There are 2 protein chains.
Amino acid sequence: MAKRVRPIRVGIADVAKQAGVSLATVSRVMNGNFSVDPEIAERVRAAATELKYQPNPMGRNLARGKTDTIGVVVPDLGNPTFQGVLRGVSRAAAQDGYRVLIADSSEVSSEEAVLAGEARRRCDGVVLCAPRMSAAELEELAPSLHPMVLVNRSTEAPGNPSVMVDYGRGIQDLATHLAGLGHTKIAYVAGPESSASNALRLAGLELFQQTHPHVDLVILHNGSTFEDGHESTGDVVASGATGILAFNDLTAMGLLSGLNERGVKVPEDISVTGFDDIPFARFTTPPLTTAAVPIMDVGEHAWQQMRDLLNGTDSADSLRVFEPHIVVRGSTGVPAKITASTPE
Amino acid sequence: MAKRVRPIRVGIADVAKQAGVSLATVSRVMNGNFSVDPEIAERVRAAATELKYQPNPMGRNLARGKTDTIGVVVPDLGNPTFQGVLRGVSRAAAQDGYRVLIADSSEVSSEEAVLAGEARRRCDGVVLCAPRMSAAELEELAPSLHPMVLVNRSTEAPGNPSVMVDYGRGIQDLATHLAGLGHTKIAYVAGPESSASNALRLAGLELFQQTHPHVDLVILHNGSTFEDGHESTGDVVASGATGILAFNDLTAMGLLSGLNERGVKVPEDISVTGFDDIPFARFTTPPLTTAAVPIMDVGEHAWQQMRDLLNGTDSADSLRVFEPHIVVRGSTGVPAKITASTPE
DNA sequence: AAATTCTGAGAAAGCGTTTTCTCAAACCGT
DNA sequence: ACGGTTTGAGAAAACGCTTTCTCAGAATTT
């Protein structure tokens, strides 16, 4: 029977025939193996370009046991933070000839394990962005995912680099900023329970409380989206706090919007801070005071760690912490009570 | 010589041995081929789960000639629009068991062809988001990329579905909105020359001009980023126009910021419109009047087209146009001249 | 000039699946 | 009970490369 309709695909064999050499030689030339006569190499290259030969990645992948691709799994592609690290990883990896496969778990933590596993099998490595799964699950999963690098999480087992953001430090700075302005009652509108970065913020606030015992600190439970922030408005107002630490910029913006609807003036009546310094934080009304996180750098560093893992290069640090720095804009100010007690 | 250290990887052969059947049978069971005795199938399944067997994707890919992956190439992962379609495609594809590989051309149009080609070879298909390359290049590249679906571009050659947004209609609606408010001098702050959607907007404005001959329409050349919008402030003010159609929400936000710095009131002195209705458009000061584009739907539809292509299902329409709808917020209003001429 | 080491390229063995091909055994109708 | 279909599973051939193994012939050594 006739061979099935050849999809006009030129393979390594065609090039070999055209150049009058063996498959092995073509492969050698294509992979820059120098142990081949320059003249022959040239002949092969000519044949390759003439036939427009492009190596089939599937064949290569199988033969080499690698794909030059890494997987990135994020909880939500709609979140500017994850978009940032995705972009950072993607660009950095591209520099080294690697591509990235994305997996969006849609905040369903039970999906994470299977997505991560699948990504790992398809790729040479996997970076897990702020996985929502429990610590126990993460520990259990880690060995089967190696090489893996974590963003904003860490594991006991060594060999899995983490790149983290010092949310504790950031929230302390923000709280201190508010306290410095004279706020004595501060509310933290917390993020998702399952969020590790939320836990870090809470720990940071505990330290803050120790150094500022006179400040009345209250925790309001909430979420991580704009809508969550908007819905927290009632609780925030009811709390009587004049300084509000929102979980992130998104919730801060939601809160700003909610407060505006109720006629509460920011920062005159209430000061609000965000976290992350997403690109739009400076365009809110008023512009948002927040803790800037160098998110692209986080992504880029995550790639570097991954590359070291893949190359077997022992990376210097397997835990890198990025420090946020607060940027003060218009959403924070001296609380009303103080202003009122100092009439002109 | 001893086999190199087995990386503990269980292959189909291990399962076959464990179950006492041939490789072929294991494969059949794993792929839900029913022509296998239920009892044996059960035995195979038991062996598979006991050994925690997971098929190696590289092997499958090569044997099946497909990867269950599609590539998405975008000009800039930092652009909310592309983030939106990426998210839409990713989620929709995931539903059908496909994954997505991303390629960010960083707005370098010369990179697009190579990135797209590589993505295509690695994946079963490719969706090109608003490629910046010339029409000629696109036509030339198209055949080698098939199956491919285009977003916001189209080709002569059939078989390459396009999903587009009716930017012409949107900008006309926006312009009409401004004209309706009484603006008689309107400026369009154009996007990148190479942007096809910019051309569509220009075409739309031409139609608008025909139906509104009395309106003085001026075109200011510019870019697509926030910074571009900010830098256009001088030209905008100098133009004397009272109604400004920004290329997109990003440039509109930049412009808003620039106008604010100069003490120009929006919308009292100048009205500004954006385009896209990115999630943050409603939080600018004042909230941005814009043309909302159902960007997630665009991504989702792009996937559907791709799926049809992959399945050989002839899709009903190979050109789908999504209509934007304008959403009027606070950044547009009656021009000052009119207000002044109707004193209370 | 014979023996030994290098070089460079072809032959062939994987890589881990899927998918024909084959063929024995069970099943069928007459 | 016997030729003719089905069933069901194993053997083996792809899939398209990379890489090890081999082995001529050239280069070098004695």
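A quick note: this is a predicted structure, and the numbers were derived from the prediction, not measured. Chain naming here is simple, since letters A, B, ... match the order of the sequence lines and numbering starts at 1 in each.
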Contacts satisfying salt bridge (Lys or Arg N to Asp or Glu O under 4.0 Å) that involve residues 113-123 of chain B (not counting sequence neighbours) are A:R99-B:E118, B:E118-B:R122

Rounded to whole Å, CG of A:N33 lies from P of D:dC17 at a distance of 17 Å

Is the shortest distance from a Lys or Arg side-chain nitrogen in B:D76 or A:R87 to a carboxylate oxygen in the other one below 4.0 Å?
-> yes

The bend of the helix from C:dA1-D:dT30 to C:dT30-D:dA1, taken between the axes of its five terminal pairs at each end and rounded to 10°, is 40°

With the side chain defined as heavy atoms from C-beta on, A:R9 is closest, among C:dG16, D:dC17, C:dT18, to D:dC17

Residue pairs passing the salt bridge (Lys or Arg N to Asp or Glu O under 4.0 Å) test with at least one member in residues 55-67 of chain B, sequence neighbours excluded, are B:R64-B:D68, B:K66-B:D68

To the nearest angstrom, the CD1-C1' distance between B:I12 and C:dT19 comes to 12 Å

Whole-Å distance, A:R64 CZ to D:dC17 C1', equals 10 Å

Taken to the nearest whole Å, CZ/A:R121 to P/C:dC15 is 20 Å

In whole angstroms, the gap separating C1' of D:dC15 from CG of A:L23 amounts to 14 Å

Within residues 24-32 of chain B, the residues having a heavy atom closer than 4.0 Å to DNA chain D are B:A24, B:T25, B:R28

For A:S109, the side-chain hydrogen bond (donor to acceptor under 3.5 Å, both in side chains) test, sequence neighbours excluded, returns none

So the ring-ring contact (aromatic ring centres under 6.0 Å, His included) pairs with at least one residue in residues 20-44 of chain A (sequence neighbours excluded) are none

So do the side chains of B:I102 and B:V74 get within less than 4.5 Å of each other, counting heavy atoms only? no

Whole-Å distance, A:K66 NZ to C:dG14 P, equals 23 Å

What I'd like to find out is whether the side chain of B:L150 reaches to under 4.5 Å of the side chain of B:L138, using heavy atoms alone. yes

Sorted by chain and number, sequence neighbours left out, side-chain hydrogen bond (donor to acceptor under 3.5 Å, both in side chains) with A:S197 holds for A:S195, A:R201

Exercise. For B:G11, report the nucleic acid contact type (base, sugar-phosphate, nothing); a contact means any heavy atom under 4.0 Å.
Key: sugar-phosphate

Sorted by chain and number, sequence neighbours left out, side-chain hydrogen bond (donor to acceptor under 3.5 Å, both in side chains) with A:E111 holds for none

Per the under-4.0 Å heavy-atom filter, residues of residues 35-48 of chain A near DNA chain D come out as none

note: B:R122, atom CZ; D:dC17, atom C1'; distance rounded to Å ~ 15 Å

Ordered by number, residues from residues 50-60 of chain A within less than 4.0 Å of DNA chain C (heavy atoms) are none

In short, side-chain hydrogen bond (donor to acceptor under 3.5 Å, both in side chains) pairs touching residues 139-158 of chain B with sequence neighbours left out are B:N152-B:Y167

Original post:
Looking at side-chain heavy atoms only, is the closest gap between A:V100 and A:W303 below 4.5 Å?
Top reply: no

Item checked: Electrostatic pair A:E300:A:R91 at N-O distance under 4.0 angstrom -> no

Point to revise | A:K52 vs A:V10 side-chain heavy atoms within contact, under 4.5 Å | key: no

Sequence neighbours excluded, the answer for side-chain contact (heavy atoms from CB on, under 4.5 Å) partners of B:P294 is B:D297, B:F322

